[in-house]
Protein chains: 2
Amino acid sequence: MPRAQREEQILRIAEEVFAERGFQATTMEDIAERVGVTKPLIYEYFGSKEGLLSACITRARTQLRVATEAAWQGVGAEAPLEVVFRAGVRAFFEFIEEHANAFVLIQQEGAVASQASPLIESIREQQSAATMATFRKAPALAEVPDRLLEGYVEVIIGACERVAVWRTRRPGVSTQEATDIVVSTVWAGLDALLPG
Amino acid sequence: MPRAQREEQILRIAEEVFAERGFQATTMEDIAERVGVTKPLIYEYFGSKEGLLSACITRARTQLRVATEAAWQGVGAEAPLEVVFRAGVRAFFEFIEEHANAFVLIQQEGAVASQASPLIESIREQQSAATMATFRKAPALAEVPDRLLEGYVEVIIGACERVAVWRTRRPGVSTQEATDIVVSTVWAGLDALLPG
DNA sequence: GGCGTCAACTTACCATCAGTAAGTTCGGTC
DNA sequence: GACCGAACTTACTGATGGTAAGTTGACGCC
């Protein structure tokens with residue numbers, strides 16, 4: 001099997017196994033066996049156990065970024081800020097629903113590995129930065145100082161993550177409802193920043 | 001040295017070492033050496049490496065609970081909801097500032113260990129439950145359905161955590177400012193729930 | 001004052017698993 | 001049909017989590 005294809009397969013399976021058993025409890029041979037190869041091949045491709053986890057996380061990060069960008073694209077650049085904001089939040093909850101594995105992985109493996117922790121943090125930073133960029137484009141928010149806006153964006157990122165976790169314990173809550181909770185809580189505060 | 005005292009010493013040092021190097025990179029002998037005993041004694045007292053981490057986290061959870069309760073106590077039960085709310089948020093940021101070690105530990109070791117992840121989650125749940133209980137006492141929120149209120153509480157917990165992390169990258173932000181960001185963002189949404 | 005006993009602690013060991021060195025196989029290319 | 005490089009394996013090492021079997025010493029008790 002060509003390398004690129006094998007790597008993709010390993011990543012898919014590793015994400016699954018890590019999510020099931022946790023990083024620590026998973027051995028490289030567990031994964032190798034399930035893929036149908038032997039350990040050294042995985043070391044050849046990913047360097048170490050942490051390297052493999054890192055690759056899984058990086059993959060998830062890219063997928064989330066693509067999904068978020070698509071959502072904003074879909075709503076159009078000239079839509080009112082609230083609509084853009086809502087589209088991004090909604091895309092997040094839909095992404096989580098579709099990639100439950102990746103979410104469990106990230107949720108559970110906050111940082112077994114010294115490398116993983118910053119990487120997971122980098123997912124949040126990616127989302128913060130993207131949200132900042134979107135807000136910065138809105139003329140209504142032009143006057144708001146950077147630092148304050150950054151703080152608000154952090155509130156949003158934290159709120160989304162926590163509500164997503166809460167949803168896993170409350171399966172009745174739809175993505176729509178989750179979106180509404182975040183938007184309605186935070187929007188009023190954000191709205192107060194707008195002139196008038 | 002009597003057991004209770006030795007256990008406390010081990011916990012203090014373990015929290016330090018775990019926070020410094022990360023859970024995985026820390027060996028039981030690192031800790032034993034720094035304490036001035038040998039490995040098996042720590043196993044005798046805490047059962048396993050995960051058991052030791054769990055004990056560290058549980059300790060931090062208790063400390064946070066005590067700090068939060070003290071803050072609410074201090075403000076009085078009849079204070080307006082916003083005042084009580086603000087006191088809790090502020091206590092959180094002050095706690096984080098005083099217990100940077102514990103916060104790094106929890107932040108970094110989201111879940112090396114299968115046992116640790118639910119325990120860290122239980123800290124958030126402890127804070128959610130306490131906040132829920134406080135809100136439920138407020139007559140103004142009596143009409144709000146449980147599930148919606150739960151969602152709002154999750155937003156608050158997530159916002160606090162994320163802003164706390166953000167602060168570690170932005171050392172200029174005071175606890176007062178962090179409190180203001182969370183309260184001003186979320187309060188407007190919460191206020192909208194109040195009748196009138 | 002010796003004797004038992006229990007808590008605090010150590011020495012010496014095992015088992016597992018991350019990581020590696022040295023191949024082997026095989027498909028394509030000249 | 002000899003060469004070469006990519007994909008892959010066998011067989012090993014070393015570190016470290018965890019444990020079994022002591023040792024030491026303080027304290028109570030007759």
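In what follows, every chain begins at residue 1, and chains take the letters A, B, ... in the order their sequences are listed. All values below come from the heavy atoms of this structure, side chains included, with hydrogens, waters and symmetry mates left out. Only a predicted model underlies this, so the values are computations on that prediction, with no experimental measurement involved.
- At least one side-chain heavy atom of A:Asp146 sits less than 4.5 Å from a side-chain heavy atom of A:Arg136.
- Rounding to whole angstrom units, OH of residue B:Tyr43 and C1' of C:dT11 are separated by 16 Å.
- At whole-Å resolution of the value, CE in B:Met28 and P in C:dT16 are 19 Å apart.
- Note that CD of A:Glu16 is 5.0 Å distant from CZ of A:Arg34, once rounded to the nearest 0.5 Å.
- In this structure, B:Glu44 atom CD and D:dG22 atom P are separated by 16 Å, rounded to whole Å.
- The backbone N or O of B:Val84 sits less than 3.5 Å from a side-chain atom of B:Trp72, completing a donor-acceptor pair.
- Residues of residues 33-42 of chain B that place a heavy atom closer than 4.0 Å to DNA chain C, in numerical order, are B:Val37, B:Thr38, B:Pro40, B:Leu41.
- In this structure, A:Ile181 and B:Val155 have side chains that are in contact, with non-hydrogen atoms separated by less than 4.5 Å.
- Protein atom CD1 of A:Ile31 is 13 Å distant from nucleotide atom P of C:dC17, rounded to whole Å.
- Rounding to the nearest 0.5 Å gives a distance of 13.0 Å between CD of A:Glu125 and CH2 of B:Trp166.
- With rounding to whole Å, A:Arg21 atom CZ is found 15 Å from C:dT16 atom C1'.
- B:Arg167 contributes a side-chain N or O that, together with a main-chain N or O of B:Val173, makes up a donor-acceptor pair within less than 3.5 Å.
- Of all the residues in residues 1-10 of chain A, A:Met1, A:Pro2, A:Arg3, A:Arg6 reach under 4.0 Å from DNA chain D with at least one non-hydrogen atom.
- Ring geometry for B:Phe85 against B:Phe135 counts as perpendicular: the plane angle is over 60°, on a 0 to 90° scale with 30° as the lower cut.
- The NZ atom of A:Lys49 sits 15 Å away from the P atom of C:dT16 (whole-angstrom rounding).
- Heavy atoms of B:Phe46 sit nowhere under 4.0 angstrom from any nucleic acid atom.
- The existence of a salt bridge linking B:Glu15 and B:Arg21 is excluded, since no basic side-chain nitrogen approaches an acidic carboxylate oxygen closer than 4.0 Å.
- When rounded to the nearest whole Å, the span between CZ of B:Phe23 and C1' of D:dT16 equals 12 Å.
- Distance A:Glu29 CD to C:dT20 P: 15 Å, rounded to the nearest Å.
- Under a cut-off of 6.0 angstrom, the local environment of CD in B:Glu29 is sparse, with at most 12 non-hydrogen atoms contributed by other residues, nucleotides or ligands.
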